[in-house]
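Shown next, in structure tokens, is the structure this report addresses.
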Amino acid sequence: MAEVVHMIDTEVFLAFSTYATIVILKMMLMSLVTSYFRLTKQVFANIEDTTLVKTTEDRKKLVRLDPDVERVRRCHQNDLENIVPFVMVGLLYALTGPDLSTALLHFRVFVGSRIIHTVTYVMALPQPSRGLAFGVGLFTTLSMAYRVLTTALFL
Amino acid sequence: MAEVVHMIDTEVFLAFSTYATIVILKMMLMSLVTSYFRLTKQVFANIEDTTLVKTTEDRKKLVRLDPDVERVRRCHQNDLENIVPFVMVGLLYALTGPDLSTALLHFRVFVGSRIIHTVTYVMALPQPSRGLAFGVGLFTTLSMAYRVLTTALFL
Amino acid sequence: MAEVVHMIDTEVFLAFSTYATIVILKMMLMSLVTSYFRLTKQVFANIEDTTLVKTTEDRKKLVRLDPDVERVRRCHQNDLENIVPFVMVGLLYALTGPDLSTALLHFRVFVGSRIIHTVTYVMALPQPSRGLAFGVGLFTTLSMAYRVLTTALFL
């Protein structure tokens, strides 16, 4: 067990664990935002879910699409497409032994870019704000992938 | 290599590997269920896939949506949104050195909740059964994330 | 830190890091392909994105679905459903200490199958080409999961 404790104790790995967990929690928050909008706006994907709200409407009509719900779901999907690669590449990156300051820069920029991305998406702020936030996050992950490939290349 | 073997030999990490693999296999099963429904109900997302079945119908009409297929796909999507965070947070959690019994409780409750979630979703059981299964799984991952952040916090 | 460097220095783990990063980059490429199609074909999911292109059309009409964009998005979704499990199971597999040649075989076959899958999907090549590529990738991940469960089983 000594080695495992040792590993989780390197500062780069501790920093990775912290920022990865924060950004995963941010991603999971989208599920709750979706549920909140579904319940308050009475918009459902399944007929059995309509029993969760009191309504005088025909329940079948509550199974429908809503622009706000779909917006949150697109934001969640974009998180899956970007945060999951960040965590997977970031884990390998943390194991290549980068400088702590360089690693922290990557983790902080990525997490910041995704929080901004979520705000710009959910509030529908004018472009290119969301595009830039997406691009900065993508570039951060690519930079870590470059380090993994140049440090660990074994084909 | 000694350290790696050592790491995979800690009981918490072995338990994590076992339960993570089981729940990932459950998630991958959804792909096969979708394929099964697409082939038996003759419902496709791509025109080139319609050649996989014998039919007398106009093949373009087989590119359509079907409630049963969409239900399985929503269940699969919910797995991606919940099981992937569990595995990523769970890996970090396993490395924080929790008690074996506490770790096992988290892993078992999560895997159980997701199996129940799948059954309630695919069979369209009355709410709040699916909502509860979803909530229990979410809470388990949040509990592990809390341990990671309180043990490894490095901002 | 010694153990971490040691871990990333085992050949199986280096090979895993390399192939996992390559296939994650392939998955991330789908985001860029989607953006490229959206901008060149002027097809958007959000009203605020329509300001990214010059057009004489009513901007609300640019928020629409397009078969080519949807095809790339389905390919991306299939990547999420298959590449993410590969990386997560593959990490655990690499830690079970498999033979280097066996591990390389798994990693190479999987990455090759997903590149072929993408080509067959985006170019809409006749079935069963895409189905076979999907099946080979799935089988590779299942084979790694089998090794994890038989080596590390701890319920």
Side-chain angles (χ1 to χ4, degrees), chain B residues 1-32 34-35 38-39 44-53 59 63 73 76-77 79-81 83-88 90-91 94-95 100 103-104 107-108 111, chain C residues 2-13 67 70-71 73-75 77-78 80-97 100 120-131 134-135 137-139 141-142 144-155:
Chain B
M1 190 77 196
E3 285 79 8
V4 183
V5 174
H6 187 89
M7 187 170 120
I8 197 80
D9 279 354
T10 70
E11 290 183 325
V12 169
F13 204 84
L14 287 174
F16 169 71
S17 300
T18 302
Y19 285 99
T21 303
I22 288 171
V23 81
I24 292 169
L25 289 175
K26 192 229 75 61
M27 180 169 73
M28 294 171 72
L29 180 67
M30 303 316 287
S31 288
L32 300 179
T34 303
S35 298
R38 284 203 186 283
L39 291 171
F44 299 98
N46 302 288
I47 184 70
E48 69 268 25
D49 302 352
T50 59
T51 59
L52 293 169
V53 291
R59 293 196 176 275
V63 180
R73 294 188 66 233
H76 197 172
Q77 183 69 16
D79 275 356
L80 280 172
E81 293 168 4
I83 290 176
V84 173
F86 164 80
V87 175
M88 297 191 304
L91 176 72
L95 295 174
L100 178 60
L104 278 173
F107 302 157
R108 286 170 182 164
V111 174
Chain C
E3 286 79 9
V4 183
V5 173
H6 187 89
M7 188 170 120
I8 196 82
D9 278 355
T10 70
E11 290 183 326
V12 168
F13 204 84
E70 292 309 302
R71 180 174 283 278
R73 293 188 67 233
R74 285 196 300 274
C75 181
Q77 183 69 16
N78 197 281
L80 280 173
E81 292 168 6
N82 288 277
I83 290 177
V84 172
F86 164 81
V87 174
M88 297 190 305
V89 171
L91 176 72
L92 301 174
Y93 169 79
L95 295 174
T96 62
L100 178 61
T120 55
Y121 213 148
V122 175
M123 298 184 68
L125 298 185
Q127 286 281 23
S129 59
R130 197 183 86 237
F134 166 80
L138 188 77
F139 182 79
T141 305
L142 291 181
M144 296 193 307
Y146 177 78
R147 158 114 191 156
V148 172
L149 287 182
T150 49
T151 311
L153 194 69
F154 189 101
L155 283 166

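Convention: sequence-line order gives letters A, B, ...; per-chain numbering from 1.
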Per-residue tally against chain C (heavy atom, under 4.5 Å) across B:Met28, B:Met88, B:Met27 peaks at B:Met28
CG (B:Leu29) and CG (C:Leu138) are apart, to the nearest 0.5 Å, by 10.0 Å
The interface call for C:Leu149 against chain B, heavy-atom contacts under 4.5 Å, is side chain
Note: vs chain C, highest number of non-hydrogen pairs under 4.5 angstrom among B:Asp49, B:Thr51, B:Ile83, B:Ile47 is B:Asp49
(request) Using a 4.5 Å cut-off on heavy atoms from C-beta on, say whether the side chain of B:Leu91 contacts that of C:Leu91. (result) yes
CZ (C:Phe154) and OH (B:Tyr19) are apart, to the nearest 0.5 Å, by 8.5 Å
Is B:Phe13 close to C:Leu92 at the side-chain level, that is, under 4.5 Å between some pair of heavy atoms? yes
Under 4.5 Å to a heavy atom of chain B? For C:Tyr93 that would be neither
>> Within the supplied structure, the quantity of interest is the number of heavy atoms (other residues, nucleotides, ligands) at a distance under 6.0 Å from B:Arg73 CZ; does it exceed 12?
In response: no
Rounding to 0.5 Å, atoms OG (B:Ser31) and CZ (C:Phe134) come to a distance of 4.5 Å
Highest number of heavy-atom pairs under 4.5 Å with chain C among B:Val84, B:Val87, B:Leu104, B:Asn46 belongs to B:Asn46
CD1 (B:Ile24) and CE (C:Met144) are apart, to the nearest 0.5 Å, by 9.5 Å
Rounded to the nearest 0.5 Å, the CG atom of C:Leu80 sits from the NE2 atom of B:His76 at a distance of 9.5 Å
Applied to residues 13-26 of chain B, the salt bridge (Lys or Arg N to Asp or Glu O under 4.0 Å) test, sequence neighbours excluded, yields B:Lys26-B:Asp79
ask   = Can you tell me if B:Thr18 uses its side chain to pair, donor with acceptor, with the backbone of C:Leu155 under 3.5 Å?
value = no
Whatever's closer than 4.5 Å to a heavy atom in chain B on C:Gln77 counts as side chain
Between B:Glu48 and C:Arg71, does the salt bridge (Lys or Arg N to Asp or Glu O under 4.0 Å) criterion hold? Intermediate values first, please. CA-CA 12 Å; B:Glu48 69 268 25; C:Arg71 180 174 283 278; 2.8 Å; yes
